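Note: hydrogens, waters and symmetry copies are ignored here, and every other heavy atom, side chains too, is used. Both ligands and their constituent atoms are indexed starting at 1 by order of listing. Computed from a predicted model, the values in this text were never measured in an experiment.
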Amino acid sequence: MSDTIKKIGLIGWPIAHSLSPVMHNAAFDSLGLDYHYTLLPTKPDDLETLLTNFASRGFVGGNITMPHKQAVMSYLDEISEDARSIGAVNTIHVQDGKMIGHNTDWVGFLNALLEARHNPAGMNVAILGAGGAARAAIFALAGAGVAQIIVINRTVSRGEQLTDEMARVFPACQITFQPLEPETLQAVPNDVDLVVNATSVGMEPQDGLSVWPDQIPIPTKAIYYDVIYKPSQTHFLQRAEAAGRPTLNGVGMVVHQGVAGFKIWTGKEPPVETMWQSVLDVLGTAKNDE
Ligand code: NAP
């Protein structure tokens with residue numbers, strides 16, 4: 001590879017599958033930019049060394065994935081305010097010799113929802129999960145002016161901590177916590193506007209599973225959004241679609257977090273349609289399962 005190529009790396013362990021190299025390299029090629037996106041599988045013990053030598057190896061930016069999204073924060077020179085509030089960094093940029101951390105997952109979550117023509121302002125929302133994806137989703141939705149969020153999670157301490165932190169950042173939004181139990185799912189108001197699965201339940205290779213048990217009815221007026229993109233339609237979304245409800249999978253979130261990252265690294269307007277198409281080609285699905 002030529003020395004003039006600016007490298008972008010995906011840092012995670014293990015990196016089972018990722019749409020990012022195909023998506024970003026298609027975008028760089030389409031604009032004729034001298035950038036190349038590559039995988040950097042990195043064990044937790046090797047993270048510090050990798051980041052210390054990152055810029056000298058020709059890397060100008062990167063994405064951070066599991067399990068490093070929190071750990072990376074100790075090795076950065078600056079962290080954007082949104083990443084700090086969410087408590088996770090998924091995008092880094094080397095700027096004027098400094099390593100700067102950003103979070104574009106929340107941007108991806110929100111822009112995918114808006115692109116599907118669902119404006120969350122004023123909505124009442126139920127979110128299943130309290131991990132990194134849930135944090136990004138809550139930050140996005142509360143910032144976009146939803147009225148209420150019920151956070152539902154298996155591990156109570158994690159759910160309560162997230163709820164407390166987000167309620168402090170967004171005092172105008174009513175954010176409450178419920179443990180993941182059949183009774184709490186049953187008690188989710190039937191007229192809730194949006195139900196988000198931000199857990200990893202239903203993701204390959206656990207296709208067919210859902211955190212919302214089949215015997216518990218689902219709210220009948222909601223939009224259903226699953227952050228999982230593989231499979232493209234989880235059991236959670238299949239049930240919603242069978243009930244005639246609008247559904248959205250996690251592909252748009254991947255694309256739009258990438259769009260935001262591309263802008264940070266290159267300063268250029270990203271070729272959004274090229275990025276979408278490259279991802280759909282890999283997955284063999286249509287946009288929003290049209
Ligand atoms: P994470 O931080 O590890 O959180 C996982 C969440 O799933 C936690 O709330 C966990 O509950 C819950 N969970 C896991 N197994 C469960 C089970 N058997 N029953 C009930 N709850 C369970 O992971 P994450 O980073 O938030 O990722 C979550 C999902 O989002 C993954 O599938 C990931 O691929 C996806 N994601 C998608 C995008 C995108 O761009 N589309 C971006 C980021 C993540 P506990 O707290 O009780 O453990």
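- A donor-acceptor pair shorter than 3.5 Å can be found between the side chains of Glu165 and Gln161.
- Every atom of ligand 1 is numbered from 1 in the order shown, and the set under 4.0 Å from a heavy atom of Gly132 is 2 (O), 24 (P), 26 (O).
- At a heavy-atom distance under 4.0 Å, atoms from both the backbone and the side chain of Val227 approach ligand 1.
- Short contacts between ligand 1 and Gly129, defined as distances under 4.0 Å to a heavy atom of the residue, involve ligand atoms 9 (O).
- Under 4.0 Å from ligand 1, heavy atoms of Met253 appear from its side chain as well as its backbone.
- Here Ala198 has backbone heavy atoms under 4.0 Å from ligand 1, and that is the only part of it that gets that close.
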Ile92 and Phe54: CA distance, side-chain angles, deciding distance, side-chain contact (heavy atoms from CB on, under 4.5 Å) verdict | CA-CA 11 Å; Ile92 54 174; Phe54 197 64; 3.8 Å; yes

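- Looking only at heavy atoms of the protein, atom 6 (C) of ligand 1 is closest to Thr199 CA, 3.9 Å.
- One finds the CD atom of Glu269 at 9.5 Å from the CZ atom of Phe262 (value rounded to the nearest 0.5 Å).
- The part of Leu180 lying near ligand 1 is the side chain, judged by heavy-atom distances below 4.0 Å.
- Here the protein heavy atom with the shortest distance to atom 4 (O) of ligand 1 is Gly131 CA, 3.4 Å.
- The side chain of Ile228, and not its backbone, has at least one atom closer than 4.0 Å to an atom of ligand 1 (non-hydrogen atoms only; side chain from C-beta on).
- Residues Asn249 and Thr234 have side chains that never bring a donor and an acceptor to within less than 3.5 angstrom of each other.
- Note that CG of Asp34 and OG1 of Thr266 are 12.5 Å apart. Values are rounded to the nearest 0.5 Å.
- From the protein, the heavy atom lying nearest to atom 44 (C) of ligand 1 is Ala133 CB, 3.8 Å.
- Looking from atom 34 (O) of ligand 1 to the surrounding protein, the closest heavy atom is Met203 SD, 3.4 Å.
- With hydrogens and angles left out, the side-chain atoms of Asp214 and His235 include a donor and acceptor closer than 3.5 Å.
- In this structure, atom 5 (C) of ligand 1 lies nearest to the protein heavy atom Ser200 OG, 4.1 Å.
- Checking side-chain atoms of Arg154 against main-chain N and O of Leu180 turns up no donor-acceptor pair under 3.5 Å.
- Looking at Leu76, Asn103, Thr104 one by one, the single match for side-chain contact (heavy atoms from CB on, under 4.5 Å) with Val89 turns out to be Leu76.
- Of the heavy atoms in Val251, none comes closer than 4.0 Å to ligand 1.
- In terms of protein heavy-atom proximity, atom 8 (C) of ligand 1 is nearest to Arg158 NH1, 3.5 Å.
- Applying the side-chain contact (heavy atoms from CB on, under 4.5 Å) test between Ile64 and each of Thr42, Leu10, Val72, Leu40 identifies Val72 as the sole match.
- At a 4.0 Å cut-off, at least one heavy atom of Ala130 sits close enough to ligand 1 to count as contact.
- Under the 3.5 Å distance criterion, with hydrogens and angles disregarded, no donor-acceptor pair is assigned to the side chains of Thr155 and Asn153.
- Residue contacts with ligand 1 for Arg154 involve both N, CA, C or O and side-chain atoms from C-beta outward (heavy atoms, distance under 4.0 Å).
- When only non-hydrogen protein atoms are considered, atom 23 (O) of ligand 1 lies nearest to Met66 SD, 4.0 Å.
- Considering only non-hydrogen protein atoms, atom 22 (C) of ligand 1 sits nearest to Val201 CG2, 3.7 Å.
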